[in-house]
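Reviewing the structure listed below.
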Amino acid sequence: MRVIVLGGGVVGVTTAYQLQKDGHEVVVLERQSQVAAETSWGNAGMIAPGHSFVWSSPRAPLILLKSLVLKDQALRFKLAADPRLYSWSWLFLMECTAEKARRNTLLKHRLAVYSQSVLHEVIADEQIDYDRNDRGILYFYRSQQALDKGVEHMRLLESDGQLIKVLDRDAIVALDPSLASAREIAGGIHCPTDETGDPAKFTRALAAKVAERGGEIRTGTTIIGIETSGDGVAQVLTDKGSVKGDGYVLALGSYSPLIAKTVGISLPIYPIKGYSLTIPIGNRPRPPTIAAIDEHNLVAVSRFGDRLRVTATAEFAGYDTSHRPADFAFMKGVTQELYPEGADYDRAEMWAGLRPMTPNNLPEFGCRRLGNLYLNTGHGHIGWTMSHGSARITADLIAGRKPAISMDGLLN
């Protein structure tokens, strides 16, 4: 088949790769001048099954309510004249029960673990340099009470096979000496099978492999709409002309519902804005050696070779990606306190982008209405983690194969 992949982020490119492995002719359409230039560029870069907990938890409604008054909340809700914000928020609140949070977290973990295994197959087959660090991820806490609650919370993933190690402060410093001078670290949880790597670097290298093997990567191509015929897609309309295929994959992240709506498909995806800093290490003597998440401040720090990537904040701000220096002051301050000799903080590059969130934090797969339009979108805050498994699942569905993991609860 000739398959047209709409979207050149990590989800779209990994999907093209898996389809090409199946023998399909692939065309990737991407509006930016290169692939992985939006959400896949500025995220935390964590392959983190240990971070599979869904945002739609019993705690979320109070956090969102507090954010209307307190401006320092990690999850921020802004009132806006956007009907989609309120309809999505209602669906989100309906997922915030303890029972649904547990179910959705385990489904997400199933997909994340599988996806990591597919990534390992890919990097065994392909020579790709993406600043991989396989020493795990550290989730640390500022008080013993918070640590105890965190360990209790993590037992859910441990019951599903996640390897965890509970560490006191001394063990954390032994694991990463760059944290020796950090104050108020009571202890943490180390997930040694989690890992990190630069998703944009990976995606661009994988896209090059696809192109070398005959696939088309059409950058600078904006999708305008989809033309249908009967119960299928006839062609995709772009600013560079129409593109025809036998099958189509919608992998446009936060922009997927806008295109899907033009053909009568409603997707429960809303953009949640996140902020990140990319900071050169320079000649600083004590950069972090392992990725870490400050669970009190919800600031994540990863190291990509000679750079740090710092991410924080989830803001309901629609499709606005604007930012100002004040938006980064808190996360920068937290990182400097943790790693005072870790990077050249005055040279930090600021970025803001959109996470394509669904109410239950699970991606959308399969077909809706149109038999040759496949969904692979809505991966939320750990799209890099779930991308490889999602790509393989999509290729399986297109081929009529049964995916390697159970799709119960994942395929609507």
Stepwise side-chain hydrogen bond (donor to acceptor under 3.5 Å, both in side chains) test for T278 and R309: CA-CA 5 Å; T278 303; R309 174 66 51 76; 2.9 Å; yes
Chi angles and distances behind the side-chain hydrogen bond (donor to acceptor under 3.5 Å, both in side chains) call for T311, S276: CA-CA 4 Å; T311 59; S276 78; over 6 Å; no
Full working for side-chain hydrogen bond (donor to acceptor under 3.5 Å, both in side chains) between E195 and N133: CA-CA 6 Å; E195 55 189 287; N133 184 327; over 6 Å; no
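Using a 4.0 Å cut-off between charged side-chain N and carboxylate O, E212 and K209 make no salt bridge. Checked for salt-bridge contact, E30 and R218 miss the test: no charged N lies under 4.0 Å from a carboxylate O. Salt-bridge formation is detected for the pair E126/R213: a Lys NZ or Arg NE/NH1/NH2 atom is positioned less than 4.0 Å from an Asp or Glu carboxylate oxygen. With respect to D131 and R307, a salt bridge is recorded, a charged nitrogen being found less than 4.0 Å from a carboxylate O. Classification of D129 and K201 as a salt-bridged pair holds, one side-chain N sitting under 4.0 Å from a carboxylate O.
Pairs passing the salt bridge (Lys or Arg N to Asp or Glu O under 4.0 Å) check and including a residue from residues 281-293, sequence neighbours excluded, read R284-E341, R284-D344.
Between H120 and H388, the distance from one ring center to the other does not fall under 6.0 angstrom. Ring centroid separation for the pair Y319 and Y255 comes in under the 6.0 Å cut-off. Note: F316 and W88 meet the aromatic proximity criterion, with ring centroids under 6.0 Å apart.
Shortest non-hydrogen contact noted between L167 and L147 is O-CD2, 4.4 Å. Nearest heavy atoms, R142 versus L338: NH2-CD2, 3.8 Å. Between A211 and I217, the closest heavy-atom pair is CB-CG1, 4.2 Å.
A cation-pi arrangement, defined by a distance under 6.0 Å to the six-membered ring centre and an angle within 45 degrees of its axis, is absent between R102 and F53. Geometrically, R355 does not engage W384 in a cation-pi contact, judged by NZ or CZ lying under 6.0 Å from the ring centre and within 45° of the ring axis.
In the displayed structure, K240 atom NZ is contacted under 6.0 Å by more than 12 heavy atoms of other residues, nucleotides or ligands. By the 6.0 Å contact criterion, CZ on R401 is enclosed, its count of non-hydrogen atoms from other residues, nucleotides or ligands being greater than 12.
Partner of H323 under the ring pair (Phe, Tyr, Trp, His ring centres under 6.0 Å) criterion, out of Y275, W351, F328: F328 alone.
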